Visitor: 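First the structure, which I've put down as structure tokens, then a few questions once you've had a look.
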Amino acid sequence: MTHTVTPPVTPEDRDTAPAPPPATDDTPPPAAPNQAAAWAELVRLPALFTVPGDTLAGVAAAGARPGPRALLPIGSSLCLYAAGMVLNDWADRAEDAVDRPHRPLPSGRIRPAAALTAACGLTGAGLLLAARAGRPALAVAAPLAATVWAYDLALKHTPAGPAAMAAARGLDLLMGAAASGSARKAAPSAALLGCHTLAVTAVSRRETTGGSVAAPLAALAATGALTRLVTHRRVRLPAGRRAAAAPGLPGPTPVGAARTTPAGAVTAALAAAYAATAARPYFHAALNPSPPLTQRAVGGGIRATVPLQAALAARSGATATSLLIAALAPAGRLFARRRAMRKVSIT
């Protein structure tokens with residue numbers, strides 16, 4: 001028996017191309033090569049490159065250095081993030097059949113039952129990896145997984161939706177810190193990352209309809225405030241360097257003087273990259289809140305997550321870790337250039 005596969009329909013083609021029929025559990029999957037591309041699209045492959053920076057920024061905030069053990073919380077974060085993306089599309093498959101018919105489930109490239117099974121399996125794998133990283137990491141991963149499922153199944157379309165997404169990002173950073181030392185030390189970094197995620201999520205709620213000036217304006221203001229907070233906080237040296245510092249010699253950089261140190265200069269540069277990445281599309285969406293510009297604003301906010309994570313690591317004194325995080329951005333852009341990956345969303 002042969003099958004015909006309906007090609008993805010981009011938003012620009014919706015007026016000229018008929019929408020494919022919604023997928024059902026009885027719809028057979030297409031050929032394997034197309035399945036791989038569909039799954040990559042379903043888990044938002046370019047956005048996955050924004051996930052390891054959560055763990056690495058948490059490790060830096062805890063005053064530790066990333067080592068082989070950090071691979072466990074990174075793997076857990078990747079699994080839980082991918083589970084959230086898959087579950088998101090499973091829960092919204094009826095809505096997407098109208099507003100986003102090009103996505104893998106409504107286009108029939110992936111069956112809903114397979115997507116739900118994958119979401120469950122990825123969640124289990126994420127919790128297992130967190131457990132292998134230690135009880136403190138699992139203690140953070142469990143509420144993180146619960147937050148992801150609660151957002152996708154119940155909170156997404158409520159006023160609590162953006163706050164739930166922000167909490168998930170903050171918990172993800174705290175899991176990296178918990179696996180490496182103290183999650184309490186990473187609370188300020190988690191709060192800053194959560195505020196950024198809150199702003200992006202608020203903008204994303206109108207990406208298919210547009211019309212919101214307030215959300216991109218608020219996100220623009222939040223970007224400016226976060227940039228200032230990141231660059232005007234003291235840089236905490238790693239534990240080993242603090243112990244080696246002799247009495248009377250310069251210690252952690254005072255508030256407001258972060259730019260005078262190498263780590264401070266890196267922090268300032270990465271914070272500027274964060275602001276430049278996020279601010280321009282937010283500004284354009286505020287001037288013209290059309291769906292295409294709102295979608296670009298969401299994409300810009302997602303891409304800005306990486307330089308923000310890197311800046312948070314740099315301000316903790318982990319310059320090498322911050323550069324490692326920053327190196328993830330080009331990889332994400334490389335995958336985003338693919339036709340099916342051009343419009344990456346968190347909704």
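In this chain, numbering begins with 1 at the start of the sequence shown. Only a predicted model underlies this, so the values are computations on that prediction, with no experimental measurement involved.
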Visitor: Answer yes if the side chains of Asp172 and Ser77 hold a donor-acceptor pair under 3.5 Å, and no otherwise.
Guide: yes

Visitor: Would you confirm whether Thr267, through its side chain, and Arg315, through its main-chain N or O, come within 3.5 Å as a donor-acceptor pair?
Guide: yes

Visitor: CG/Leu87 to CH2/Trp90 distance, rounded to the nearest 0.5 angstrom?
Guide: 7.0 Å

Visitor: Looking at every non-hydrogen atom in both residues, tell me the closest pair between Ala331 and Phe49 and how far apart they are.
Guide: CB-CE2, 3.5 Å

Visitor: Side-chain heavy atoms nearer than 4.5 Å, only ILVMFWY residues, links allowed to pass through others: does that put Leu128 and Leu80 together?
Guide: no

Visitor: I'd like to check Val298 versus Gln295 (side-chain heavy atoms, cut-off strictly below 4.5 Å). Are they in contact?
Guide: no

Visitor: With rounding to the nearest 0.5 Å, note down the distance linking OH in Tyr151 to OG1 in Thr158.
Guide: 9.0 Å

Visitor: Checking Arg109 against Ser107: is there a side-chain donor and acceptor pair closer than 3.5 Å?
Guide: yes

Visitor: Might you point out which heavy atoms bring Ser76 and Ala130 nearest each other, and give the distance in Å?
Guide: OG-CB, 3.6 Å

Visitor: Can you name the nearest heavy-atom pair linking Val86 to Ala118, along with the distance?
Guide: CG1-CB, 4.4 Å

Visitor: Would you say the side chain of Glu41 lies within less than 4.5 Å of the side chain of Ile110, judging by non-hydrogen atoms?
Guide: no

Visitor: Should Val200 and Tyr282 be marked as a side chain to side chain contact (heavy atoms under 4.5 Å, CB included) after you check the CA-CA gap, both sets of side-chain angles, and the distance that decides it?
Guide: CA-CA 9 Å; Val200 179; Tyr282 286 155; 3.1 Å; yes

Visitor: If you round to the nearest 0.5 Å, how far is CG of Leu308 from OG1 of Thr50?
Guide: 11.0 Å

Visitor: Side chain to side chain contact (heavy atoms under 4.5 Å, CB included), that's the test. Do Leu105 and Asp96 meet it? Break it down for me.
Guide: CA-CA 8 Å; Leu105 267 65; Asp96 287 347; over 6 Å; no

Visitor: Taking Arg100 first and then Glu207, would you say they form a salt bridge - that is, a charged N and a carboxylate O separated by under 4.0 Å?
Guide: yes

Visitor: Rounded to the nearest 0.5 Å, what separation is found between the CD1 atom of Ile74 and the CE atom of Met175?
Guide: 9.5 Å

Visitor: Just wondering, do Leu328 and Pro52 contact through their side chains at under 4.5 Å, heavy atoms?
Guide: yes

Visitor: Does any part of the side chain of Pro291, heavy atoms only, come nearer than 4.5 Å to the side chain of Thr208, both counted from C-beta?
Guide: no

Visitor: Is a side-chain N or O of Ser182 found less than 3.5 angstrom from the main chain of Ala178, in a donor-acceptor match?
Guide: no

Visitor: Is there a path of hydrophobic side-chain contacts, each under 4.5 Å between heavy atoms of I, L, V, M, F, W or Y residues, that connects Leu78 with Leu45?
Guide: yes

Visitor: Kindly give the heavy-atom pair with the smallest separation between Val203 and Ala215, and that separation in Å.
Guide: CG2-O, 3.7 Å

Visitor: For Arg296 and Ser290, does a side-chain donor sit closer than 3.5 Å to a side-chain acceptor?
Guide: no

Visitor: I'd like to know if Leu48 and Ile325 are part of one continuous hydrophobic network [Ile/Leu/Val/Met/Phe/Trp/Tyr, side-chain heavy atoms within less than 4.5 Å].
Guide: yes

Visitor: Is there a side chain to side chain contact (heavy atoms under 4.5 Å, CB included) between Leu312 and Leu192 once you walk through the steps?
Guide: CA-CA 9 Å; Leu312 292 173; Leu192 293 176; 3.7 Å; yes

Visitor: Got a second to check how far Arg169's CZ is from Thr305's OG1, nearest 0.5 Å?
Guide: 5.0 Å

Visitor: How long is the gap from CG on Asp152 to OG1 on Thr147, to the nearest 0.5 Å?
Guide: 11.0 Å

Visitor: How far apart are the closest heavy atoms of Ala310 and Ala326, and which atoms are they?
Guide: CB-N, 4.0 Å

Visitor: Compare all side-chain heavy atoms of Cys79 with those of Thr123 and state whether any distance is below 4.5 angstrom.
Guide: no

Visitor: Does any part of the side chain of Leu324, heavy atoms only, come nearer than 4.5 Å to the side chain of Leu56, both counted from C-beta?
Guide: yes

Visitor: Any non-hydrogen side-chain atom of Asp89 less than 4.5 Å from a side-chain atom of Arg103?
Guide: yes

Visitor: On a heavy-atom basis, which atom in Leu42 and which in Ala115 lie closest, and how many Å separate them?
Guide: CD2-CB, 4.4 Å

Visitor: With clusters defined by side-chain heavy atoms of hydrophobic residues (ILVMFWY) lying less than 4.5 Å apart, directly or transitively, does Tyr81 cluster with Leu155?
Guide: no

Visitor: Taking Arg69 for the side chain and Ser180 for the main chain, is one N or O donor matched with an acceptor at less than 3.5 Å?
Guide: no

Visitor: In the structure I gave you, are the side-chain heavy atoms of Leu226 and Tyr274 within less than 4.5 Å of one another anywhere?
Guide: yes

Visitor: If Ile, Leu, Val, Met, Phe, Trp and Tyr residues are connected whenever their side-chain heavy atoms lie under 4.5 Å apart, and connections chain through other members, are Ile302 and Phe283 in the same group?
Guide: yes

